[in-house]
Structures are given as structure tokens and as C-alpha cells.
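Reckoned from all heavy atoms, side chains included, excluding hydrogens, waters and symmetry mates. None of these values were measured; they are calculated from a predicted model.
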Amino acid sequence: MTRILVWALALVALSAVDARAQLPLGSFKGYLTGHVGAINGSDLSDPKLAVGGSISMQEETGWGAEFDFGHTSDAVAGRQVLDVTSYLLNAKWVKPTGIIRPFAIAGGGVLQVNGCDAPCNRAARTYDFGLSAGGGAYVAVNDMIGFRADARYFFSSADHPDLGRPDNFQFWRVSFGATFMWTAGP
């Protein structure tokens, strides 16, 4: 029995090869953007200032993921005065090279909506599943600094009839921002 075990271990040791990954990883491009713009359309009565930030990592092919945060205060939807905050994780494709780098984006996450009918004594707070889709472009000034412009459509199918809130809440966000870019990888 011992002899069989020794032969099996020797066979395994002699047949060992270098470990190789199935898909070699290349470098990644990172984008960190602070943005300002406006939300408007659909359920909102007038445009309101929107601020936020996003961070994304893209493979050499241009595919990657982005976390996006946005906030707007005092958006008017009918008789409602709402504060809208979005926390979304998106799939994103960015043209990997060039001065102008167009991108497309779609994803989902949480839309936090605070508000009530005006005048409002105590605002209701809801956390709803939200979706977004859109696109835009980065303009690279150099390898590290650039600008971003984009337009995104936000949608939530939540229904809150007790709060008088719009059903299927939806709006557009148009924003512009400064972007810090970096490369990570082998």
C-alpha cells in the first residue's frame, strides 16, 4: 500500500506544470467623475439641480462596471416636493482609446425618494428598485484628466398611492463633470 502511495505522489509531482489562468487579465482603465447637471421630464414639473459622482473600471475591450450616485433636492412632481437620491450599479461600455470616448450605460439599484404633498410637515421616505439607461462621452485632455457629458433616463415601477407619489416614477438627468483617469494592471 505504501509503495502505491509513493508511486502516485511521484507521478503527480512529475506531471506538474505551471499554473495558467484561462483568461489572462490585461490592464484596466479607471474613471472617477464628479458631476453636476439637472433632472427634468416625465413626472417632474420643472428642472432641478442634480449633483453626484461616479466611479468605473473598464477592461481593455471597453466593458466594465460603474457605481453612480446622484442627488436632487426640492424636485416638484405635481403637489409633491421630493428629494431624489440614486445609488446605481451599471454595466458600461466605453471606447477604450482616443480623445473622444463615447459610452453606453444601463443598470439598476436604489432610488431613495423623500417627500410629501406641499405644505409638508413630515416627509415620507421610500427606497425603490430603479433602473437607468443612457450614454454620453468622455473627452480626454491627457492620460489623467478629462471631462464627461451624459444623459440618463431613470425609472422606478414603485407604487405608493398612500403617499400621493407618482406611480412609475421617471425622469431624465443631464450632467457634465470633470474626470480623473488612471490605468491599473500588469
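If you check the side chains of Gln112 and Thr126, you find no donor sitting under 3.5 Å from an acceptor.
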Which is it for Leu44 and Val76 under the side chain to side chain contact (heavy atoms under 4.5 Å, CB included) test, yes or no, and what are the steps along the way?
CA-CA 6 Å; Leu44 300 176; Val76 178; over 6 Å; no
Intermediate values then yes/no, salt bridge (Lys or Arg N to Asp or Glu O under 4.0 Å), Glu66 and Arg152:
CA-CA 14 Å; Glu66 175 196 69; Arg152 300 181 193 207; 3.0 Å; yes
Candidate pair Lys29 and Met57, rule side chain to side chain contact (heavy atoms under 4.5 Å, CB included), full reasoning:
CA-CA 6 Å; Lys29 188 76 172 177; Met57 290 297 288; over 6 Å; no
Side chain to side chain contact (heavy atoms under 4.5 Å, CB included) evaluation trace for Met144 with Phe180
CA-CA 6 Å; Met144 295 182 65; Phe180 172 71; 3.3 Å; yes
With side chain to side chain contact (heavy atoms under 4.5 Å, CB included) as the test, would you mind laying out the steps for Leu82 and Asn114 before giving the verdict?
CA-CA 5 Å; Leu82 307 173; Asn114 303 340; over 6 Å; no
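We find the NE2-CZ distance between His35 and Arg148 to be 5.0 Å, quoted to the nearest 0.5 Å. Interatomic distance, CG of Leu32 versus OG of Ser54, reported as 7.5 Å (0.5 Å rounding). Rounding to the nearest 0.5 angstrom, the gap separating the CG atom in Leu131 from the OG atom in Ser157 is 7.5 Å. The structure places CG of Asn40 at 9.0 Å from OG of Ser45, a figure rounded to the nearest 0.5 Å. The distance from the OG atom of Ser175 to the CD1 atom of Ile39 is 11.5 Å, given to the nearest 0.5 Å. Between Leu111 atom CG and Tyr127 atom OH the span is 12.0 Å, to the nearest 0.5 Å.
Within the structure, side-chain hydrogen bond (donor to acceptor under 3.5 Å, both in side chains) contacts touching residues 95-104 (residues at least two apart or in different chains) are Tyr31-Arg101.
The shortest heavy-atom contact between Gly98 and Ala140 is O-CB, 4.2 Å. A pairwise comparison of heavy atoms in Gly108 and Leu88 identifies C-CD2, 3.4 Å as the closest pair. Between Ser156 and Asp128, the shortest heavy-atom contact is OG-CB, 3.3 Å. Scanning all heavy atoms of the two residues, the minimum distance from Asn90 to Ile105 falls at CB-CG1, 3.4 Å. Smallest separation of non-hydrogen atoms from Ala137 and Ile100: CB-CG2, 4.4 Å.
Within a 6.0 Å sphere centred on CG of Asp46, other residues, nucleotides and ligands contribute more than 12 heavy atoms.
Phe129 and Leu89 fall into different hydrophobic clusters, where Ile, Leu, Val, Met, Phe, Trp and Tyr are joined by side-chain heavy atoms under 4.5 Å apart, directly or via other members. A continuous path of ILVMFWY side-chain contacts below 4.5 Å connects Phe28 to Ile55, so both sit in one hydrophobic cluster.
Paired with Phe154 under the rule ring pair (Phe, Tyr, Trp, His ring centres under 6.0 Å), one option of Phe171, Trp172, Tyr87, Phe169 passes, and it is Phe171.
Arg173 has its side chain within reach of Ser86: a pair of non-hydrogen atoms, C-beta onward, lies under 4.5 Å apart. Contact annotation: the side chain of Ser27 approaches that of Glu60 to within less than 4.5 Å [non-hydrogen atoms, C-beta and beyond].
The aromatic ring centres of Phe103 and Tyr138 sit less than 6.0 Å apart. For Phe69 and Phe67, the distance between ring centers is not under 6.0 angstrom.
No donor-acceptor pair closer than 3.5 Å links the side chain of Thr72 to the backbone N or O of Val84.
Taking the side-chain contact (heavy atoms from CB on, under 4.5 Å) definition, one finds that Ser73 meets it with His71, Asp83, sequence neighbours left out.
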